[in-house]
> 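Structure provided below as structure tokens; questions to follow.
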Number of protein chains: 2
Amino acid sequence: MENFIKRIDAIGELSAESKAALLDAWEEWSVPKDHFLVRENSVAHHLFYIKKGIARIYYFKNGKEITEWIALDNQFFFSIISFFEQKPSNLIIHTLEASEVLGIHYDKLMALCDQYHDIERWFRKAITGSLILSQYRMDSIQFETAQQRYEKLLANYPTIVQRVPLSYIASFLGITQETLSRIRSQY
Amino acid sequence: MENFIKRIDAIGELSAESKAALLDAWEEWSVPKDHFLVRENSVAHHLFYIKKGIARIYYFKNGKEITEWIALDNQFFFSIISFFEQKPSNLIIHTLEASEVLGIHYDKLMALCDQYHDIERWFRKAITGSLILSQYRMDSIQFETAQQRYEKLLANYPTIVQRVPLSYIASFLGITQETLSRIRSQY
DNA sequence: CGAATGATTTGATTATTGTCAAAAAATAAT
DNA sequence: ATTATTTTTTGACAATAATCAAATCATTCG
């Protein structure tokens, strides 16, 4: 639980009471490899945090799998559009390793935001962080070559190559697996 | 002021008191064409709303202008990273027509968020909208061809082509002006 | 172990867009 | 109105990555 609380604290300060209420709202699951946390065409009810393991967030577009995000140890992750709009989406969340996952239900989080002003602020800051990340990622997709994006990914997550199949990494980078394979052969 | 209030209301409900406080916090400027609302390497102190006119948000990257956003009538716009982190950025905001602009100062907005829980929630919802938009834009950049992106832009903002130079539109779409010119010649 | 299945690499070709250069068109200035 | 300046278009070519196909390489299972 240690790292999780650190991540919660890093987002924004909370009163003791609010923090206790927030921490209490998370459910915990231990799931095997190849488990679906969110299935296709369902509403994303939870915002997740991965304590241990790997989860892949992906969807089908014109019959092809598009990997939107790969969440490693100690990351928050969720299906942004489906979660906020509480509408079904084609987004799928699937574990690539046996994982320990925490999740908070949309209704519970909203209730906490209603009840505690500082949780509302905390969540506002969390979303702000997401938005900033999204801006950086957009810049990366638009202006960096496939090779630069791959090198950055390696620098940020050195273990990812050993733990995630090439095809998923390629699709996360927005390139084909053939292109990624050619980039790797250059080393 | 009519449309502005509609946009404020559309984001989220506010009590009469909060709404009055929020509305009171906006400053109003009438600026000529070619006016800089935010200069390079300065901190973005304001979140803006454009009542009338056009503003372009851009920055220099490797000596080239990159247009991050083009704000037309009745849109909110701001330099996301600089505003939230209150750090100087290379982002420039510049009017392309004589414009009427509203702006709220970062400190004032934060103070209102502290004071009124429902303004905090309102702002959280506003940022959520921004994040969702950002996700859709990322998808568009990654998977749509330049032509598809141009057609979408035309559908959403039919007047933009008459009001904004081609080179800015191209840079907003993430393509060169030569490519955009070739797309247009196909019609 | 050895076949079968799945993942990755390699090869050949094509499509899209970028780059650099110059021409043409549009706009502004004298 | 004519010149000057800016903007847009066109042309030739190069670069990046996609597509389709086949060949390796690795892993799993009987």
Side-chain angles (χ1 to χ4, degrees), chain A residues 32-34 54 56 58-68 70 94-98 137-154 157 159-187, chain B residues 32-35 54 56 58-67 70 94-98 137-154 157 159-187:
Chain A
K33 187 181 172 176
D34 283 327
I54 301 197
R56 181 169 74 112
Y58 69 101
Y59 58 95
F60 285 93
K61 181 156 191 150
N62 307 326
K64 278 180 205 153
E65 286 186 8
I66 306 297
T67 299
E68 188 175 292
I70 295 168
H94 174 227
T95 56
L96 303 182
E97 296 176 355
R137 185 158 180 225
M138 194 141 65
D139 189 86
S140 166
I141 289 172
Q142 194 163 10
F143 300 113
E144 290 170 5
T145 63
Q147 175 136 12
Q148 288 172 313
R149 269 177 285 148
Y150 179 63
E151 283 167 3
K152 241 186 190 171
L153 184 74
L154 274 193
Y157 306 103
T159 65
I160 208 171
V161 198
Q162 280 82 51
R163 297 167 72 188
V164 178
L166 179 75
S167 59
Y168 298 166
I169 294 176
S171 136
F172 174 62
L173 292 171
I175 58 181
T176 60
Q177 63 171 30
E178 291 95 328
T179 298
L180 181 53
S181 175
R182 287 184 178 107
I183 287 170
R184 303 219 284 186
S185 71
Q186 289 171 31
Y187 295 103
Chain B
K33 188 182 172 175
D34 283 325
H35 178 83
I54 301 197
R56 179 169 76 111
Y58 69 101
Y59 58 95
F60 285 94
K61 180 157 194 150
N62 307 325
K64 280 179 201 155
E65 286 185 8
I66 306 297
T67 300
I70 295 167
H94 174 227
T95 56
L96 304 181
E97 296 176 356
R137 187 160 176 224
M138 194 142 63
D139 188 86
S140 165
I141 289 171
Q142 194 163 10
F143 301 112
E144 291 171 3
T145 64
Q147 174 136 15
Q148 287 173 313
R149 270 177 285 147
Y150 179 64
E151 282 167 4
K152 242 184 188 171
L153 184 75
L154 275 192
Y157 306 103
T159 65
I160 207 171
V161 199
Q162 281 82 50
R163 297 167 74 188
V164 178
L166 179 73
S167 60
Y168 298 165
I169 295 176
S171 136
F172 174 62
L173 292 171
I175 57 180
T176 60
Q177 63 172 26
E178 291 95 328
T179 298
L180 181 52
S181 175
R182 288 185 177 108
I183 288 168
R184 302 219 288 186
S185 72
Q186 289 171 31
Y187 294 104

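Chain A is the first sequence line, chain B the second, and so forth, proteins listed ahead of strands; every chain is numbered from 1.
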> Quick one: which protein N/O atoms are closer than 3.5 Å to N/O atoms of nucleotides 19-21 of chain D? Pair and distance per line, please.
| residue | atom | partner | partner atom | Å |
| --- | --- | --- | --- | --- |
| D:dT19 | OP1 | A:Lys64 | NZ | 3.4 |
| D:dC20 | N4 | A:Glu178 | OE2 | 3.1 |

> Please check this pair: side chain of A:Ser167 against backbone of A:Gln177, looking for a donor-acceptor N/O pair closer than 3.5 Å.
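Between the backbone of A:Gln177 and the side chain of A:Ser167 there is no qualifying donor-acceptor contact (under 3.5 Å).
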> What is the bend of the helix from C:dC1-D:dG30 to C:dT30-D:dA1 when you compare the axis at one end with the axis at the other, using five pairs each and rounding to 10°?
30°
> Separation of A:Gln186 atom CD from C:dT10 atom C1', in whole Å?
14 Å
> Over how many whole Å does the gap from A:Gln177 atom CD to C:dA7 atom P extend?
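Spelled out: CD on A:Gln177 to P on C:dA7 is 9 Å.
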> Under the salt bridge (charged side-chain N to carboxylate O under 4.0 Å, His left out) definition, can you give me all pairs with a residue in residues 58-67 of chain A, not counting sequence neighbours?
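Listed once each, the pairs are A:Arg56-A:Glu65, A:Lys61-B:Asp139.
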> Should B:Ile66 and B:Phe60 count as side-chain neighbours, where that means a heavy-atom distance under 4.5 Å?
no
> For nucleotides 26-30 of chain C, which of its nitrogen or oxygen atoms have a protein nitrogen or oxygen under 3.5 Å away, and what is each distance?
none

> Starting from P on C:dG18, measure out to CG on B:Leu180 and report it in whole angstrom.
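Between P of C:dG18 and CG of B:Leu180: 10 Å.
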> Could you pull out all residues at least two apart from B:Phe172 that satisfy ring pair (Phe, Tyr, Trp, His ring centres under 6.0 Å)?
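Testing B:Phe172 for ring pair (Phe, Tyr, Trp, His ring centres under 6.0 Å), a comparison that skips the adjacent residues, returns B:Trp69.
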> Are side-chain heavy atoms of A:Leu96 and A:Tyr168 found at a separation under 4.5 Å?
yes
> B:Ile141 has an atom CD1; how far is it from atom P of C:dT17, in whole Å?
13 Å
> Should A:Gln147 and A:Gln186 count as side-chain neighbours, where that means a heavy-atom distance under 4.5 Å?
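In short, these two side chains touch, coming nearer than 4.5 Å.
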> What's the CD1-C1' distance between B:Ile183 and D:dT9, to the nearest Å?
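B:Ile183 atom CD1 is separated from D:dT9 atom C1' by 14 Å.
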> If a pair satisfies salt bridge (charged side-chain N to carboxylate O under 4.0 Å, His left out) and one of its residues is in residues 163-185 of chain A, list it, with sequence neighbours excluded.
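As it turns out, the salt bridge (charged side-chain N to carboxylate O under 4.0 Å, His left out) pairs with a partner in residues 163-185 of chain A, which skip direct neighbours, are A:Asp73-A:Arg163, A:Glu97-A:Arg163.
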> Just verifying a value: how many Å separate A:Ile169 CD1 and A:Leu154 CG, rounded to the nearest 0.5 Å?
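Interatomic distance, A:Ile169 CD1 to A:Leu154 CG, rounded to 0.5 Å: 8.0 Å.
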> Over how many whole Å does the gap from B:Ile175 atom CD1 to C:dG18 atom C1' extend?
11 Å
> Pair A:Ile175, A:Ile183 - check side chain to side chain contact (heavy atoms under 4.5 Å, CB included), show working.
CA-CA 11 Å; A:Ile175 58 181; A:Ile183 287 170; 4.1 Å; yes
> Working to the nearest 0.5 angstrom, can you tell me the gap between A:Ser171 OG and A:Ile70 CD1?
7.5 Å
> Measuring from atom CG of A:Leu153 to atom CG of A:Leu180, what distance do you get when rounded to the nearest 0.5 angstrom?
9.0 Å
> If I take atom OH in residue A:Tyr168 and atom P in nucleotide C:dT8, what distance separates them, rounded to the nearest angstrom?
9 Å
> Among residues at least two apart in sequence or on other chains, which ones pass ring pair (Phe, Tyr, Trp, His ring centres under 6.0 Å) with B:His35?
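Once residues adjacent in sequence are excluded, B:His35 has no partner under the ring pair (Phe, Tyr, Trp, His ring centres under 6.0 Å) criterion.
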> State which residues pass salt bridge (Lys or Arg N to Asp or Glu O under 4.0 Å) with A:Lys152; sequence neighbours excluded, sorted by chain then number.
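Once residues adjacent in sequence are excluded, the partners of A:Lys152 under the salt bridge (Lys or Arg N to Asp or Glu O under 4.0 Å) criterion are A:Glu144.
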> Which residues, if any, of residues 142-149 of chain B bring a heavy atom under 4.0 Å of DNA chain C?
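Of all residues in residues 142-149 of chain B, the ones placing a heavy atom under 4.0 Å from DNA chain C are B:Thr145, B:Ala146.
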> Name the pairs: protein N/O against N/O of nucleotides 22-25 of chain C, kept only if under 3.5 Å.
none

> Let me confirm one number: the CG-OG1 distance from A:Leu173 to A:Thr179, rounded to the nearest 0.5 Å.
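Here the interatomic distance stands at 10.5 Å.
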> Without decimals, in angstroms, what is the distance between B:Leu173 CG and C:dT17 P?
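Atom-to-atom, B:Leu173 to C:dT17, this comes out as 11 Å.
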> Okay, side chain of A:Thr95, backbone of A:Asp34: is any donor-acceptor separation there less than 3.5 Å?
yes
> Between the protein and nucleotides 25-30 of chain D, list the N/O to N/O atom pairs that are separated by less than 3.5 angstrom.
none

> Please enumerate all residues that pass salt bridge (Lys or Arg N to Asp or Glu O under 4.0 Å) together with A:Glu68, with sequence neighbours excluded.
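Applying salt bridge (Lys or Arg N to Asp or Glu O under 4.0 Å) to A:Glu68 gives none.
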> Is the shortest heavy-atom distance from the side chain of A:Val164 to the side chain of A:Thr67 under 4.5 Å?
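In short, these two side chains do not touch, never coming nearer than 4.5 Å.
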> Roughly how far, to the nearest 0.5 Å, is the CZ atom of B:Arg149 from the CZ atom of B:Arg137?
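One gets 9.0 Å once the value is rounded to the nearest 0.5 Å.
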